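For clarity, every value in this text was computed on a predicted model and none was experimentally measured. By convention here, the first residue in the shown sequence is residue 1. Only this structure's heavy atoms are used, side chains among them; waters, hydrogens and symmetry mates stay out.
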Amino acid sequence: MDSNTGPVVPTTPLVIFLQRVQLTALRSYPKTLTIDPKFYVDLSLKQPHNLSSAESAFDDLTTTESRDLSVPVDKLERFIDKYFDGAGEDLVHHEPEDFVSDPSGFLLNVENIKVRNWAREVHCLWKTLTCKVSDSVRESPDRHTLLPLPEPVIIPGSRFREVYYWDSYWVIKGLMTSQMFTTAKGLVTNLMTLVETYGYALNGARAYYTNRSQPPLLSSMVYEIYKVTKDEELVKKAIPVLLKEYEFWNSGKHKVVITDVNGYDHILSRYYAFWNTPRPESAVFDQESASGFSNKFEKQQFHRDIASAAESGCDFTTRWMRDPPNFSTIATTSVVPVDLNVFLLKMELDLAFMMEITGDKNGSDRFVKAAKARKKAFETVFWNEKAGQWLDYWLSSNGDEPETWKAENQNNNVFASNFAPIWINSFNSDENLVKKVVKALKNSGLIAPAGILTSLTNSEQQWDSPNGWAPQQEIIVTGLARSDSKEAKEMAEDIARRWIKSNYGVYKTSGTIHEKLDVLKFGEYGGGGEYKPQTGFGWSNGVILTFLEEFGWSSDLSIEA
């Protein structure tokens with residue numbers, strides 16, 4: 001039976017060809033050398049060659065060589081050098097017009113000179129990470145896998161040579177502290193362009209990412225900018241785009257209906273990528289991971305669940321596995337995730353707010369109502385009174401039809417994402433609820449020496465223990481800090497200080513800001529997953545600056561561990 005009838009968004013001929021080059025490279029280089037498969041799909045065709053001449057030269061190269069599809073490395077490298085420009089060469093450095101090395105009023109509460117100097121260095125990284133898509137991408141889009149964007153971009157760093165969707169939220173939070181409002185608006189304009197073109201904000205601005213989105217934080221980005229700049233024009237432009245994105249997450253395969261014990265239907269959302277083959281940027285890994293499946297449809301579903309985990313931004317974690325830590329049991333599309341629905345509740349609240357300030361009373365009422373309904377779903381579907389936290393919900397069927405809520409379908413494992421709802425004001429303003437959540441978080445085992453663990457399981461996947469990630473620290477810390485509870489506020493500040501100190505330690509020993517930290521050890525960056533640790537780093541910079549803005553740093557408080 002075909003169990004995988006979901007949609008698939010086709011990729012471009014160039015991406016398909018570059019996957020062949022990637023596979024050949026993997027087979028040609030000695031096993032002792034680790035190649036990054038993403039490098040190959042980030043190449044662009046060199047003038048004056050076209051795709052068919054590159055394909056024919058590659059056919060000549062591979063058919064004359066051995067049957068295992070490997071070719072001598074020197075020949076492969078000569079071919080790539082002749083026909084392609086290097087990965088990232090179609091992204092040119094850009095000097096942000098609103099960058100000032102020491103903005104007036106910058107982090108006034110940071111009194112400690114060491115911390116202040118370091119914060120200025122972190123602030124200066126925006127210059128390093130700001131780029132513009134080259135003119136050739138606009139003029140000849142079929143020669144590139146990078147997508148054309150109208151405004152300058154801030155990339156995460158290292159192998160991530162393109163703008164990413166959910167990363168941009170924490171980048172923007174940092175840019176607000178750095179007073180780089182023009183750059184921040186440009187990032188939002190780029191993401192809105194993607195929604196207008198594709199119907200949703202892509203995972204990243206690459207042709208091989210058109211089959212999936214990422215956690216929906218565009219409304220939160222607009223809200224953060226408006227809060228500081230009061231730019232009503234931006235809000236007016238954003239509303240129709242956000243309505244389009246809202247529809248994407250609340251219809252088709254993303255929409256799920258859970259009926260509670262009283263027969264009331266709760267509409268929630270899940271991750272669901274429009275893809276059922278190996279991800280082009282990691283095709284060689286995905287083929288290997290799927291090698292144990294003999295059934296074609298099981299293999300397709302496995303690839304869809306991998307791509308859906310990539311859509312979640314948390315790729316990869318035991319959270320998406322039926323039988324953790326067995327990677328082949330990944331079933332992302334069967335999970336109704338707490339955090340995705342937190343972001344959608346926030347989108348509803350943001351839309352209600354934006355429509356109110358632009359005078360659309362009916363629209364505002366519609367989203368106030370939608371937010372109330374989703375909040376009710378949180379109480380019924382996700383909340384677990386005994387655990388004092390919100391738990392992901394496993395679907396019993398394929399999610400296409402409404403299904404009845406069962407207590408045993410809640411995932412009782414502890415993840416940082418179980419505490420994400422505290423980010424929302426309607427939760428963090430409930431004194432009684434905050435008390436339960438603080439107690440649960442304190443007893444969860446997630447609070448580690450250097451911040452909050454992503455999970456309690458060390459699976460060697462990067463969104464599991466011992467790693468902690470900037471977004472999850474910020475969501476939980478911000479939520480706790482907004483509550484009226486003294487204990488919650490103290491917990492928030494304690495976690496933020498651990499995180500800042502550890503980032504400082506890593507920076508002092510490595511000279512870089514990292515994508516993730518090993519939070520079980522002070523001053524150690526994280527590892528695991530399918531690529532080596534990355535530096536830069538967009539969202540980490542943003543959260544460091546956000547925390548320093550929020551909590552300051554007194555002159556007598558040490559930054560050393």
Side-chain angles (χ1 to χ4, degrees), residues 1-27 35-38 40-42 69 145 165 198 200 202-204 206-215 248 252-254 256 270-337 340 394-395 397-400 459-463 529-531:
M1 185 185 89
D2 181 351
S3 62
N4 185 45
T5 53
V8 173
V9 171
T11 190
T12 64
L14 177 61
V15 170
I16 292 164
F17 173 58
L18 289 172
Q19 268 184 260
R20 281 182 62 203
V21 177
Q22 178 198 96
L23 187 60
T24 303
L26 180 85
R27 288 171 171 167
I35 69 153
D36 183 352
K38 186 178 182 296
Y40 297 94
V41 290
D42 287 357
L69 298 180
T145 65
Y165 179 16
Y198 298 96
Y200 43 96
L202 307 184
N203 179 142
R206 285 273 175 194
Y208 51 76
Y209 285 147
T210 56
N211 54 49
R212 61 182 191 254
S213 185
Q214 252 193 348
F248 168 78
K253 292 285 190 177
H254 285 100
V256 290
R270 61 172 165 175
Y271 292 109
Y272 197 101
F274 302 153
W275 196 242
N276 62 3
T277 57
R279 293 165 298 148
E281 77 281 11
S282 299
V284 290
F285 298 147
D286 288 359
Q287 281 171 1
E288 195 184 318
S289 300
S291 58
F293 293 96
S294 51
N295 176 308
K296 176 192 164 190
F297 298 121
E298 279 180 3
K299 197 172 268 200
Q300 285 182 337
Q301 185 58 46
F302 176 72
H303 287 308
R304 191 181 294 282
D305 282 312
I306 284 182
S308 300
E311 181 171 72
S312 80
C314 304
D315 42 346
F316 295 101
T317 162
T318 48
R319 205 179 149 201
W320 311 131
M321 300 173 201
R322 285 194 183 280
D323 182 18
N326 180 351
F327 190 67
S328 66
T329 68
I330 192 166
T332 321
T333 56
S334 297
V335 180
V336 187
L340 169 58
W394 281 94
L395 295 167
S397 61
N398 64 9
D400 290 345
S459 63
E460 296 188 356
Q461 299 299 340
Q462 60 172 356
W463 285 84
E530 60 183 19
Y531 55 80

Apply the test side-chain hydrogen bond (donor to acceptor under 3.5 Å, both in side chains) to residues S334 and R322: give CA-CA distance (whole Å), side-chain angles for both, the deciding distance (0.1 Å), then the verdict. CA-CA 9 Å; S334 297; R322 285 194 183 280; 3.0 Å; yes

Got a second to check how far T277's OG1 is from F302's CZ, nearest 0.5 Å? 12.5 Å

Of all the heavy-atom pairs spanning T12 and A207, show the shortest one and how long it is. CG2-CB, 3.9 Å

Any side-chain heavy atom of Q301 within less than 4.5 Å of one from T333? yes

Salt bridge check: are R270 and D400 linked by an N-O gap of less than 4.0 Å? yes

Using side-chain contact (heavy atoms from CB on, under 4.5 Å) as the criterion, point out the one residue from L18, V284, L26, L23 that pairs with P37. V284

Value rounded to 0.5 Å, distance of OG1 in T318 from CD1 in I330: 10.0 Å

Check whether any side-chain N or O of R304 sits under 3.5 Å from a backbone N or O of P7 as a donor-acceptor pair, and report yes or no. yes

Run the side-chain hydrogen bond (donor to acceptor under 3.5 Å, both in side chains) check on Y208 and N203 step by step: do they pass? CA-CA 9 Å; Y208 51 76; N203 179 142; over 6 Å; no

Side chain W320, main chain C314, donor-acceptor under 3.5 Å: yes

Checking side-chain contact (heavy atoms from CB on, under 4.5 Å) for the pair R206/E281: CA distance, chi angles, key distance, verdict? CA-CA 10 Å; R206 285 273 175 194; E281 77 281 11; over 6 Å; no

Which atom names give the shortest non-hydrogen contact between D286 and P278, and what distance separates them? CB-CB, 3.6 Å

Parallel, tilted or perpendicular: rings of Y200 and F248 (30°, 60°): parallel

Would a distance-only check, ignoring hydrogens and angles, find a side-chain to backbone donor-acceptor pair under 3.5 Å from H254 to Y272? yes

Under 3.5 Å, side chain of Q22 to main-chain N/O of V41, donor-acceptor pair present? no

Apply side-chain contact (heavy atoms from CB on, under 4.5 Å) to W463 and D315, showing your working. CA-CA 7 Å; W463 285 84; D315 42 346; 4.1 Å; yes

Here the gap from E288 atom CD to F285 atom CZ, rounded to the nearest 0.5 Å, amounts to 8.0 Å

Under 3.5 Å, is there a donor-acceptor pair between the side chain of D323 and the main chain of N326? no

Nearest heavy atoms of T145 and D42, plus distance in Å: OG1-CA, 3.8 Å

K253 bridged to E311 by N-O distance under 4.0 Å: no

Closest approach of P280 and V15, non-hydrogen atoms and distance? CB-CG1, 3.6 Å

If you apply the rule side-chain hydrogen bond (donor to acceptor under 3.5 Å, both in side chains), what do you find for Q462 with Y531, and how did you get there? CA-CA 9 Å; Q462 60 172 356; Y531 55 80; 3.1 Å; yes

Please evaluate residues F316 and S459 with respect to the criterion side-chain contact (heavy atoms from CB on, under 4.5 Å), reporting the C-alpha separation (whole Å), side-chain torsions for both, the decisive distance (0.1 Å), and the verdict. CA-CA 10 Å; F316 295 101; S459 63; over 6 Å; no

I need the minimum non-hydrogen distance between A307 and R212, along with the two atoms involved. O-CD, 3.4 Å

Calculate, to the nearest 0.5 Å, the distance between atoms OG and NZ belonging to S289 and K299 respectively. 11.0 Å

Can you give me the closest heavy-atom contact between V8 and W275, atom names plus distance? CG1-CE3, 4.0 Å

Is any side-chain heavy atom of F327 closer than 4.5 Å to one of Q461? yes

Would V335 and W394 count as a side-chain contact (heavy atoms from CB on, under 4.5 Å) here? Give the steps. CA-CA 5 Å; V335 180; W394 281 94; 3.6 Å; yes

Rounded to the nearest 0.5 Å, how far apart are NE2 of H303 and CD of Q287? 7.0 Å

Distance (rounded to the nearest 0.5 Å) between Y271 OH and L340 CG: 4.0 Å

